Asker: 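The structure follows.
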Amino acid sequence: MSRSSEVAAFYKLDLPQRLKVVREFANLTEEEANIIQQGGGLKLDLADRMIENVIGTMPLPLGIATNFLVNGRDYLVPMAIEEASVVAAASNAAKMARVKGGFVTSNTGPVMIGQIQAAGMKNPFAAKMDLIVAKDEILKKANDQDPILIKLGGGAKDIEVKVIDTITGPMVITELIVDCRDAMGANAVNTMCEAVAPIVERVSKGKVYLRIISNLATKRLVRSKAVFDKEALGGEEVVDGIIQAYAFAHADPYRCATHNKGIMNGIIAVGLACGQDIRALEAGAHSYASRSGRYSPLTAWEKNEDGDAVGTIELPIAVGLIGGAAAVHPVAKANLKILGVKSAIELAEVMASVGLAQNLAALRALAAEGIQRGHMKLHARNIAVTVGAKGEQIDIIAQRMVEERRIRMDRAKELLEELTAKRS
Ligand code: MEV
């Protein structure tokens, strides 16, 4: 079978048929397919070892976004999310991006920053200078902590030292610059920070307090770009609407928060599916969006000479393939196999592309018909389920409520009673 992610009417297939397509695309074993279908696949004893006070597990719907073409390679993208429309929107936008060649990405490498805080010294600027001079000793100590990372070409590569003014006086912050290769890096970086702290304390003549990774991962940036054909989008006025929507987000933090939330709908859904630390992803994205002092969009939209919409995204994406849930959660492992990524960077680049696609889909819908029509259909289904509808009753009730534009619990109950009365 072809390895194209452009699967005709994937959404129209039933659930086993969809899994079959994905299984063939990704060469999943029967066991992996079963793990995905079991609705969680996370055994209680494993869950019990992952966090504290475990009483169960909490599965989410897992969908597949189709049509993604990133750097000329096809990807079926697993997304775990409770919100309707997100997977469909990503697939739709990715389809539009294909017309002009899909997504093209770049990155700054898998580099994280670890911070060691020293305070209370008399001469912070002299301490800064002394720490810079002690760089080799600090790097050696850091790299002694993780021989495997060094063997793989990673490790602490540099230090940066800054003096900051705080409400309790000046502080000297030593930053370890660590290439984490295919790890997200929190464990490696935190271990290194703790190990070098005594050196920093001795050299700076201050007292060391915090030793911890920064989630504002400005050295782990990922970028993606795609051209969205104006005809595929629905005409040049739709392109203009998208650019107006972007300008709104650029000028107003109240809109920008929602603009970026839409981007993170995609990024977090892939992150969750692949066992990533999604809190770190959110912290990194939103702090990066605020780096200029003004909260800004993570994407930019322009119109090219042909009238097409050109979208770009840039944000830190700290993800890993080794260590963490990505390496132990059976569903995350199967999802990474579906994605077929070979490195943490490749995963991050696909995620950035999904974020861009998600943003395009949202802006296009918002600038044209709005998002409620699509949302309401799915909302109606949820209401039907809430009142106890089963099987085909769900679709019948949802359909009626949408037609009548009365998507309410009381109406769903009435319709369910009617259907039940008819049957008996
Ligand atoms: C909803 O989850 C996301 C949107 O609000 C994003 C946006 O407004 O850009 C549709």
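Keep in mind that what you see is a predicted model, and the values were worked out from it rather than measured. We count residues from 1, following the sequence as given. First listed ligand is number 1; within each ligand, the first listed atom is number 1.
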Asker: Looking at Leu13, is its backbone amide N or carbonyl O close enough to the side chain of Arg18 to form a donor-acceptor pair, meaning the two atoms are under 3.5 Å apart?
Answerer: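 Yes.
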Asker: If only side-chain N and O atoms count, and only distance matters, is there a donor-acceptor pair under 3.5 Å linking Asn67 with Ser5?
Answerer: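 No, Asn67 and Ser5 have no side-chain donor paired with an acceptor closer than 3.5 Å.
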Asker: For ligand 1, which atoms sit closer than 4.0 Å to a heavy atom of Lys261?
Answerer: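 Matching atoms, with element in brackets: 1 (C), 2 (O).
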Asker: For Glu83, counting its heavy atoms only, list the atoms of ligand 1 lying under 4.0 Å from any of them.
Answerer: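 So the atoms of ligand 1 that pass are 1 (C), 2 (O).
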Asker: Ignoring hydrogens and angles, tell me if any N or O in the side chain of Asn304 forms a donor-acceptor pair with the backbone of Asp306 under 3.5 Å.
Answerer: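 Flag set: sc Asn304 to bb Asp306 pair under 3.5 Å.
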Asker: Salt bridge check, Arg98 against Asp74: does any charged N sit closer than 4.0 Å to a carboxylate O?
Answerer: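 The answer is yes: the pair qualifies as a salt bridge.
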Asker: Using 4.0 Å as the upper bound for N to carboxylate O, is an ion pair formed by Asp182 and Lys342?
Answerer: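 Salt bridge absent between Lys342 and Asp182.
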Asker: Is it the case that ligand 1 has an N or O less than 3.5 angstrom from some N or O of Asn265?
Answerer: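 Yes; the residue has a nitrogen or oxygen that sits under 3.5 Å from a nitrogen or oxygen of the ligand.
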Asker: Are any of the heavy atoms in Arg255 under 4.0 Å away from ligand 1?
Answerer: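 Yes.
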Asker: Where's the contact between Leu366 and ligand 1, heavy-atom distance under 4.0 Å: side chain, backbone, both or neither?
Answerer: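 Within the 4.0 Å criterion, Leu366 contacts ligand 1 through side-chain atoms alone.
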Asker: Backbone or side chain, does any N or O of His259 fall under 3.5 Å from an N or O of ligand 1?
Answerer: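 No, there is no polar N/O contact under 3.5 Å.
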